[in-house]
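For the numbers below, each heavy atom of this structure counts, side chains included, while hydrogens, waters and symmetry mates do not. Labels below follow one simple rule: chain letters A, B, ... track the order of the sequence lines, proteins then strands, and each chain is numbered from 1.
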2 protein chains.
Amino acid sequence: MSSSGSPVALAEIGALLGDPARANMLLALIAGRPLTAGELAWSARVTAQTASGHLARLTEAGLLAVERQGRHRYYRLASPLVAQMLEGMQVVASLQSPPRYRPASRIDDALKAGRTCYDHLAGRLGVAIADAMVARGQVVLTGDGGAATPDGEAFLQHFQVEASTRPGQKRCFCRPCLDWSERRPHIAGALGAGLARRCFDLGWIQRVKDSRAVTITQAGRKGLQEAFGIGPDDLVVRPDLPLRKAG
Amino acid sequence: MSSSGSPVALAEIGALLGDPARANMLLALIAGRPLTAGELAWSARVTAQTASGHLARLTEAGLLAVERQGRHRYYRLASPLVAQMLEGMQVVASLQSPPRYRPASRIDDALKAGRTCYDHLAGRLGVAIADAMVARGQVVLTGDGGAATPDGEAFLQHFQVEASTRPGQKRCFCRPCLDWSERRPHIAGALGAGLARRCFDLGWIQRVKDSRAVTITQAGRKGLQEAFGIGPDDLVVRPDLPLRKAG
DNA sequence: CGGACGCTTCGGTCGCGGCCGAAGCGATCC
DNA sequence: GGATCGCTTCGGCCGCGACCGAAGCGTCCG
């Protein structure tokens, strides 16, 4: 009854995300692969009946979409906007007070290692490429923009990246995109998309079925080393924060 | 304990935003003006002692920053990222199930009418400008990019917008930015910033003190009509959704 | 110095909502 | 057909946390 947009609605979304079980379910779905109610119950560490209630609420709120298939029900995020919202919250969450628990991550190490972010690369791989190009003076990234240097344009031509390098057209050529898992920017825009496409075309990376994760092939390791100077060390997924004691 | 980034952290952020009182406080602060604990208590419709507890939690979580000034304590959002996160959630919230209550908004009508979004214009005004330029074939907007047409570049030169129109440099020249109050895109990037700056320089719009809201001057109404063909009707702030019954 | 004011801390009440066991329902398999 | 499986609904328990009254603390004023 008081302030802006829709105070009630915001609180409702917040309350929905405020329960650990529901948060776990949503995070499990952020990878893009539809999951059954049972799988989501497992990943939220609750019984099937509890999960069922949560899923009903999330679906009714429009955050999830559901599809029946035989005796299974497959749930997925209702829209990319939901994924985007979750990533925005993760960014803020990761800025929070220091260490904390450090819940060991598992399946999503694949996503941290490398994934697509719509049409460009993110995760450890995406950030490594961005770092390499910046370090070599091929690309400049600012707070909310970026550009290729003459050196960079030459490299792109040689690397055969297709991205209307003569910009001013169609879409943003180069901009930073904050990476929630690395907490540092990777390259988005036409340049990011062109780089990603070229890596796929060269067979350096492959999509994981039904997921946004990508894996680096043997050829990819060699190629990334030669083209960008990215070595195995640059592709190691580090834990969220350094451990106090070794595990 | 299961999936990605930081499941616990996400749930904590969600729980923080899940309480109507806290959501109201954050929304009251999204305008950018620091508010005292008492003002926030009022806008959340709770007593001072209840508000105090909420504010302590929000501050300790790193969402708010506080500054003592005499016997007052001024609270503000700790970072633009927090505002961004809230706007992202509002976008999702506004996509939710149909009408709902429609809590009458008041003070924030000013924000809906026109505001700055970092360095460019948003709200009804920002969207009206974007619509006008698109309709006149001066600008093309795509899902995540955009560009000026030759006609558009001529207009910008005539309108004396300073924005390294020869792009490829520094920052993204033109991209759409989803407007939570209008639910449609306005123009961001160097072009958006240049347009905003020019409107300020011409005295067409003025910043509201300590707020992101902007007001349109008398000269502005005339100028917007002449330069963009934006009439009074285009600047009317419509209710969140059309009313069922007229009020 | 006393009093008003802004804000926080403490203590106790109470209701919302998460949880699971048991039961119900539909689909699948043999 | 019966057995099994995936999921949902129902009912009851229980704990967390939002709320306010009262009291405490620091600041400003006359």
Side-chain angles (χ1 to χ4, degrees), chain A residues 1-3 7-29 33-61 63-76 101, chain B residues 1-3 7-29 33-61 63-76 101:
Chain A
M1 217 194 269
S2 65
S3 42
V8 194
L10 176 63
E12 280 173 7
I13 299 278
L16 246 14
L17 306 184
D19 180 80
R22 286 191 294 261
N24 272 323
M25 291 174 171
L26 290 166
L27 288 175
L29 288 170
R33 168 164 41 194
L35 298 174
T36 66
E39 290 168 325
L40 288 167
W42 182 89
S43 76
R45 302 279 186 272
V46 291
T47 59
Q49 59 272 36
T50 300
S52 177
H54 288 314
L55 291 169
R57 290 185 58 182
L58 290 170
T59 304
E60 204 237 351
L63 296 183
L64 297 184
V66 60
E67 198 171 337
R68 306 183 58 144
Q69 213 168 105
R71 52 186 171 187
H72 297 279
R73 296 203 179 179
Y74 282 92
Y75 288 88
R76 59 183 171 78
Y101 308 87
Chain B
M1 214 194 270
S2 67
S3 42
V8 195
L10 176 62
E12 281 174 5
I13 298 277
L16 245 15
L17 305 184
D19 179 80
R22 286 192 293 264
N24 273 321
M25 291 174 170
L26 290 166
L27 288 176
L29 288 169
R33 168 165 41 192
L35 297 175
T36 66
E39 291 169 323
L40 289 166
W42 182 88
S43 76
R45 303 277 186 271
V46 292
T47 59
Q49 58 271 34
T50 300
S52 178
H54 288 314
L55 291 169
R57 289 185 59 183
L58 290 170
T59 305
E60 205 237 351
L63 296 182
L64 297 186
V66 60
E67 197 172 335
R68 306 182 57 146
Q69 213 169 104
R71 52 186 169 183
H72 297 280
R73 294 202 180 180
Y74 282 92
Y75 288 87
R76 59 184 171 78
Y101 307 89

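- Here D:dG17 presents its P atom at 11 Å from CG of A:Asp19, a figure rounded to the nearest Å.
- Distances shorter than 4.0 Å separate none of the side-chain N or O atoms of A:Ser52 from OP1 or OP2 on D:dC7.
- Among the heavy atoms of the strands lying under 4.0 Å from A:Tyr75 are primed sugar atoms or P, OP1, OP2 only; no base atom is included.
- One interatomic measurement links the two molecules: CZ of B:Arg45 to P of D:dC20, which rounds to 13 Å at whole-angstrom precision.
- A close approach under 4.0 Å does occur between a side-chain nitrogen or oxygen of B:Thr50 and OP1 or OP2 of D:dC20.
- The two atoms that bring A:Thr36 and A:His72 nearest to each other are CG2-ND1, 3.9 Å, heavy atoms only.
- Between A:His54 and C:dC19 there is a side-chain N or O to OP1 or OP2 distance below 4.0 Å.
- Atoms OH (B:Tyr74) and C1' (C:dG6) sit 11 Å apart, rounded to a whole Å.
- Distances were taken from every side-chain heavy atom of A:His72 (C-beta onward) to each of C:dC7, C:dC20, D:dG6; the shortest belongs to D:dG6.
- In this structure, B:Ala21 and B:Val46 approach most closely via the heavy-atom pair CB-CG1, 4.1 Å.
- A:Leu58 has its CG atom 12 Å from the P atom of D:dT8, to the nearest Å.
- When the side-chain nitrogen and oxygen atoms of B:Arg22 are compared with OP1 and OP2 of D:dA18, one or more of them lie within a distance under 4.0 Å.
- Following rounding to the nearest Å, A:Leu40 (CG) and D:dG6 (P) show an atom-to-atom distance of 14 Å.
- Residue contacts for B:Ala48: at a heavy-atom cut-off of 4.0 Å it reaches a base atom on one of the strands shown.
- Counting to the nearest Å, the P atom of C:dG17 and the CG atom of A:Leu16 are 11 Å from each other.
- The side chain of A:Arg73 sits closest to D:dT8 out of D:dC19, C:dC20, D:dT8.
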Any N/O pairs under 3.5 Å between the protein and nucleotides 22-27 of chain D? List them or say none.
unit_1: D:dT27; atom_1: O2; unit_2: B:Arg71; atom_2: NH1; d: 3.4

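- Atom CG of B:Leu17 and atom P of D:dA18 are 12 Å apart (whole Å).
- Between the side chain of A:Arg73 and the backbone N or O of A:Ala37 there is no donor-acceptor pair closer than 3.5 Å.
- Smallest separation of non-hydrogen atoms from B:Leu29 and B:Tyr75: CD2-O, 3.3 Å.
- Rounded to whole Å, the distance from CE on B:Met25 to P on C:dC7 is 11 Å.
- The two residues A:Leu63 and A:Leu17 come nearest to each other via the heavy atoms CD1-CD2, 4.3 Å.
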Next on the checklist: Using the rule given for side-chain contact (heavy atoms from CB on, under 4.5 Å), can you reason through B:His54 versus B:Asp19, listing the C-alpha separation, both sets of side-chain angles and the distance that settles it, and then say yes or no?
Outcome noted: CA-CA 9 Å; B:His54 288 314; B:Asp19 179 80; 3.6 Å; yes
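- Pairing each heavy atom of B:Ser43 with each of B:Ala28, the nearest pair is OG-CB, 3.7 Å.
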